> 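Please read through the structure below; I'll follow up with questions.
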Number of protein chains: 2
Amino acid sequence: MAKNQLSERDYLQSYNIHNYDVPLTSVDITIFTVLDNALNVLLVKRAQHPALGKWALPGGFIDLKKDRTLEHTAQRKLKEKTGVRTSYLEQVASFGSKQRDPRGWSVTVAYFALIDAAEIQLTHDERSEEVAWVPVKKVLNSTKLAFDHNAILERCYERLQGKVQYTSLPVNLLPEEFTLSELQSTFEIILDSTIEKKSFRRRILDADILQETGNMRTGSNRPAKLYRVQNQGENFMFSRNIEGPR
Amino acid sequence: MAKNQLSERDYLQSYNIHNYDVPLTSVDITIFTVLDNALNVLLVKRAQHPALGKWALPGGFIDLKKDRTLEHTAQRKLKEKTGVRTSYLEQVASFGSKQRDPRGWSVTVAYFALIDAAEIQLTHDERSEEVAWVPVKKVLNSTKLAFDHNAILERCYERLQGKVQYTSLPVNLLPEEFTLSELQSTFEIILDSTIEKKSFRRRILDADILQETGNMRTGSNRPAKLYRVQNQGENFMFSRNIEGPR
DNA sequence: CGAATAGTGTCTATAAGACAGTATATC
DNA sequence: GATATACTGTCTTATAGACACTATTCG
């Protein structure tokens, strides 16, 4: 076993990745927001081969020089498209196969992000000439996205819906101050189902994750208390799911 | 934009992955089983650089010729180490960074598998001279695994513990026929906590996921009914977590 | 019979759903 | 006052935990 007599240093010095057949590896992000009472996803129109002209999830290759971790790559992509640096970002799954990209064996690590649409500034670069918010339902029903992005979007959507049943994730889709009704509406939009008002308020308030800001949202009716999240960044997990109407 | 005037065919013909800096991409599997009333994980001792001689999770590179999907790569690795083809296999997360592997930027897609220890035959190849079941707690407390495998194991363990609170996953660690007490014990070992017997039996039986086989497990006491899972492969999700003692 | 493990009856506790009622703003 | 939305009281329901009880086997 001559190989094993090499020191690790010698081994590493003689190692060259270009001698191996490796897959392409990229990161794609499903950026969700709520617009016009619907869950929307950010899509970019591809300005380059392959799948030129098709709508796709924003994403791209890892920059071996600039990115130190996968999460970094995801944050960088998020920043490039939305101008926003921090928001809720969660890794969902990786998709890899011989034929998902015509260039060859490829793996993509999919993330989803939640952002408040009001705070962002859509931007685009030379690789994607158009950027747009599109309702998730519309995409899933009638848009053929580039690569396997329909499947990726579906998985991210499932993950989001699943987690909304037992976490406080939707706070990440709202501005800093919001009312309980606004929060409930956000839950309902994601779950695509109504939630009983009293149950919802009890659940959220008992969890002790919000604090009153002291301000009120006024309108042509009784003003509502405004809240903010108590520990920004922490996501509360309930031990029981929201179940919806019986 | 001359680039965009290329046809996709021409683009693909001129595309060569070796012109790009790409990360290494691999798959690692945390294979869990229950042995001697403890959750164990399968480790291999590395027989090659890097991290030669260190214990590691089984894994390896994608074989661009043989593997059609990531899941395929995972199943192949599982088969190579255990001789088992099908068992419960779930993708957990991908870990990627500049420094997790001394050879350079690398990404690994981590899976966990659940198998019945009784049904497997440990095997090893020239790349790993030793294969062993080791209690998860022991590894986490006192073993420095290769690369970032401690972190990967930890994440897989967390995921397993988390899911066991609201699914029927542990059935995948048992032989085809088992008693409710055996199932409960498996849950308890994973959760590292006791479960109230009546609650457990009610929960499992009410979920209607098991069927009596008609056989009994005998011993030096009252015989116990043997059950098998009703829909092999489907994992039941409860809408409430097991909560443990109050 | 005793020991051991299987399996049940039933009370309490917790948190969700249902739904009607009250509160407070604007116009 | 009418309308609209905020917010609460309280009953029912579902399911988990506690714990004592009964059942069935072996030796």
Side-chain angles (χ1 to χ4, degrees), chain A residues 37 164-168 170 174 177-189 191 193-228 236-246, chain B residues 37 162 164-168 170 174 177-189 191-228 236-246:
Chain A
N37 294 313
V164 165
Q165 289 179 57
Y166 63 94
T167 66
S168 56
L174 292 166
E177 295 196 344
F178 52 84
T179 69
L180 284 180
S181 296
E182 288 162 359
L183 185 58
Q184 179 173 347
S185 162
T186 308
F187 270 80
E188 290 175 334
I189 287 166
L191 291 174
S193 155
T194 58
I195 302 172
E196 210 289 317
K197 186 164 45 167
K198 186 65 199 288
S199 304
F200 180 78
R201 301 172 87 92
R202 222 180 4 211
R203 185 171 158 106
I204 297 293
L205 262 12
D206 288 358
D208 201 37
I209 52 179
L210 302 184
Q211 57 184 194
E212 299 181 14
T213 66
N215 303 325
M216 305 291 272
R217 169 92 68 232
T218 54
S220 66
N221 45 34
R222 176 172 171 178
K225 281 185 182 165
L226 283 164
Y227 294 84
R228 76 165 68 85
F236 190 81
M237 311 237 309
F238 297 89
S239 72
R240 265 173 92 162
N241 286 354
I242 284 182
E243 310 224 16
R246 275 181 180 145
Chain B
N37 294 312
V164 165
Q165 289 179 60
Y166 63 94
T167 66
S168 56
L174 291 167
E177 296 196 344
F178 52 84
T179 68
L180 285 180
S181 296
E182 287 162 0
L183 184 59
Q184 178 174 348
S185 162
T186 308
F187 270 80
E188 291 175 332
I189 286 165
L191 291 174
D192 200 15
S193 156
T194 58
I195 303 173
E196 210 291 316
K197 185 165 48 168
K198 186 65 198 288
S199 304
F200 180 78
R201 302 172 85 93
R202 223 179 6 210
R203 185 171 159 103
I204 298 294
L205 262 13
D206 289 357
D208 201 37
I209 52 180
L210 301 184
Q211 58 185 196
E212 298 182 14
T213 65
N215 304 325
M216 304 291 271
R217 169 90 71 233
T218 53
S220 66
N221 45 33
R222 176 172 171 177
K225 281 184 183 166
L226 284 164
Y227 294 84
R228 75 166 69 86
F236 190 81
M237 312 238 307
F238 297 88
S239 71
R240 257 173 99 162
N241 286 353
I242 285 181
E243 310 223 16
R246 276 186 178 141

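Heavy atoms only: backbone and side chains are in, while hydrogens, waters and symmetry mates are out. All figures in this text were calculated on a predicted structure; none of them were measured in a lab. We name chains A, B, ... by the order of the sequence lines, and we start the count at 1 in each one.
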> Rounded to the nearest Å, what distance is computed from the CZ atom of residue B:Phe200 to the P atom of nucleotide D:dA16?
11 Å

> For the pair made of CD1 in B:Ile204 and P in C:dG7, what is the distance, rounded to whole Å?
14 Å

> Taking only residues two or more places apart in sequence or in another chain, which ones pass salt bridge (Lys or Arg N to Asp or Glu O under 4.0 Å) with A:Glu182?
A:Arg217

> Can you sort out the partners of A:Ser239 under side chain to side chain donor-acceptor pair (under 3.5 Å), two or more places apart, ordered by chain and number?
B:Glu243

> In whole angstrom, give the distance that lies between atom OH of A:Tyr166 and atom P of D:dT15.
20 Å

> Can you tell me how far P of C:dA16 sits from CZ of A:Phe238, to the nearest Å?
7 Å

> Does the side chain of A:Arg203 get closer than 4.0 angstrom to OP1 or OP2 of C:dA16 through an N or O atom?
yes

> Just by protein heavy atoms under 4.0 Å, how would nucleotides 18-27 of chain C read 5' to 3' in B, S and -?
BB---BBBS-

> Rounded to the nearest Å, what distance is computed from the CD atom of residue A:Gln165 to the C1' atom of nucleotide C:dA15?
16 Å

> Report yes if a side-chain nitrogen or oxygen of A:Arg240 is closer than 4.0 Å to either non-bridging phosphate oxygen (OP1 or OP2) of C:dA15; otherwise report no.
no

> Mind telling me whether B:Phe187 and B:Phe200 have parallel, tilted or perpendicular rings, with 30° and 60° as the class edges?
perpendicular

> Write down the distance between CG (B:Leu191) and C1' (D:dA16), rounded to a whole number of angstrom.
14 Å

> About how many Å separate OH of B:Tyr227 and CG of B:Leu174, when rounded to the nearest 0.5 Å?
14.0 Å

> With DNA chain D as reference, determine whether A:Leu205 or B:Ile242 sits nearer its 5' end, using the nearest nucleotide of each.
A:Leu205

> Mark yes or no for whether A:Glu212, through its side chain, and A:Lys225, through its backbone, hold a donor-acceptor pair below 3.5 Å.
no

> I need the NZ-C1' distance between B:Lys225 and C:dT5, as an integer number of Å.
15 Å

> Keeping the roles fixed (side chain from B:Gln184, backbone from B:Arg201), state whether a donor-acceptor pair exists under 3.5 Å.
no

> What is the distance, rounded to the nearest whole Å, between atom CG of A:Asp206 and atom P of C:dA16?
8 Å

> For residues B:Val164 and B:Thr186, determine if any side-chain heavy atom of one lies less than 4.5 Å from a side-chain heavy atom of the other.
no

